[in-house]
Amino acid sequence: MRVRVGVPQDAAGLVRLAGQVEHWFGPMVDDPGFHAAVAEQLACGSALVADDGATLLGGLLVGHHPPVCHLHWLVVDAAARGLGLGRAPVAGALARCPAGVRTVEVVTFGADHPGAVAGGARVFYERLGFTPAEPAAPGPEGGSRQVYRRAL
């Protein structure tokens, strides 16, 4: 498995992965806005992807706005979860933070959201040193969200 900066040719793979998590994040695969956001992130080099040399297995969209780095969207192929394919892109994103970034934030599922347990997102971020902070606006599917934060 390798983690690399995503390229425009990775868009289809990220959309395929989005289809696996729409039940947690809301409609994405048919949303032109999602496609545009993925294309923009890939074009400007702010997406990291994990692959096995043939298949895209994970991806992370990142935004740098010093003093904060935002992890916008992390997805790992359902068949590859638990193998470090989420941890590696996050580590790559943290290593690439530009000068002046002091904090990393991610909005993930609220404690009462089914994805918090089934996907293990909250535990995942806590194991990486993030701590729960303030509530965030609900997701497009109506589920609760919470900001998680980590100092660099």
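The structure displayed is predicted, hence computed values, not measured ones. These numbers come from the heavy atoms of this one structure, side chains and all, not from hydrogens, waters or symmetry mates.
- Closest heavy-atom contact between Leu42 and Ala47: CD2-CB, 3.7 Å.
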Enumerate, atom names and distances included, each donor-acceptor pair closer than 3.5 Å involving a side-chain atom of residues 60-72, sequence neighbours excluded.
none

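- Considering every non-hydrogen atom in both Phe124 and Gly86, the closest pair reads CZ-C, 3.5 Å.
- Residues Leu48 and Leu85 share a hydrophobic cluster, clusters being chains of Ile/Leu/Val/Met/Phe/Trp/Tyr side chains in contact below 4.5 Å.
- Scanning both residues, Arg145 and Pro140, for their nearest heavy atoms gives NH2-CD, 4.1 Å.
- Taking CD from Glu22 and CG from Leu17, the interatomic distance works out to 11.5 Å, rounded to the nearest 0.5 Å.
- A donor-acceptor pair under 3.5 Å is formed between the side chain of Arg96 and the backbone N or O of Gly92.
- Going from atom CG of Leu14 over to atom CE of Met28 covers 10.5 Å, rounded to the nearest 0.5 Å.
- For the residue pair Val3 and Met1, the shortest heavy atom distance occurs at CG2-SD, 4.0 Å.
- Checked against salt bridge (Lys or Arg N to Asp or Glu O under 4.0 Å), Asp51 has the following partners two or more places apart in sequence or in another chain: Arg2, Arg4.
- For Phe130 and Tyr148, the gap between ring centers reaches or exceeds 6.0 Å.
- Taken together through direct or relayed side-chain contacts under 4.5 Å among Ile, Leu, Val, Met, Phe, Trp and Tyr, Val75 and Val90 form parts of separate hydrophobic clusters.
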Self-check item: Intermediate values then yes/no, side-chain contact (heavy atoms from CB on, under 4.5 Å), Val76 and Leu57
Solution: CA-CA 6 Å; Val76 174; Leu57 299 171; 5.8 Å; no
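- The two residues Ser144 and His113 make their nearest non-hydrogen contact at O-CD2, 3.7 Å.
- Heavy atoms from other residues, nucleotides or ligands lying under 6.0 Å from CG of Asp52 number more than 12.
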Self-check item: Evaluation steps, side-chain contact (heavy atoms from CB on, under 4.5 Å), between Phe34 and Val15
Solution: CA-CA 9 Å; Phe34 176 74; Val15 170; 4.3 Å; yes
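- One N or O on the side chain of Gln146 and one on the backbone of Ala133 form a donor-acceptor pair closer than 3.5 Å.
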Exercise. For side-chain contact (heavy atoms from CB on, under 4.5 Å), just list the numbers for Thr131 and Arg150, CA-CA rounded to whole Å, side-chain angles, deciding distance to a tenth of an Å, and then say yes or no.
Key: CA-CA 6 Å; Thr131 56; Arg150 175 182 163 175; over 6 Å; no
When the side chains of residues 102-110 are checked against the rest of the protein, which donor-acceptor pairs come out under 3.5 Å, sequence neighbours left out?
from   : atom 1 : to     : atom 2 : distance (Å)
Glu105 : OE2    : Arg149 : NE     : 2.8
Glu105 : OE2    : Arg149 : NH2    : 3.0

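- Expressed to the nearest 0.5 Å, how far CZ of Arg16 lies from CG of Asp77 amounts to 5.0 Å.
- When hydrophobic clusters are built by joining Ile, Leu, Val, Met, Phe, Trp and Tyr residues whose side-chain heavy atoms come closer than 4.5 Å, directly or via intermediates, Val7 is not grouped with Val5.
- Surrounding CD of Glu40 are at most 12 heavy atoms belonging to other residues, nucleotides or ligands under 6.0 Å away.
- Between Arg87 atom CZ and Leu128 atom CG the span is 4.5 Å, to the nearest 0.5 Å.
- Contact annotation: the side chain of Leu152 approaches that of Val101 to within less than 4.5 Å [non-hydrogen atoms, C-beta and beyond].
- Side-chain heavy atoms closer than 4.5 Å link hydrophobic residues (I, L, V, M, F, W, Y) into clusters, and following such links, possibly through other members, connects Val29 to Val49.
- A single hydrophobic cluster is not seen to contain both Leu56 and Leu83; linkage of ILVMFWY side chains at heavy-atom distances under 4.5 Å, directly or through other members, places them apart.
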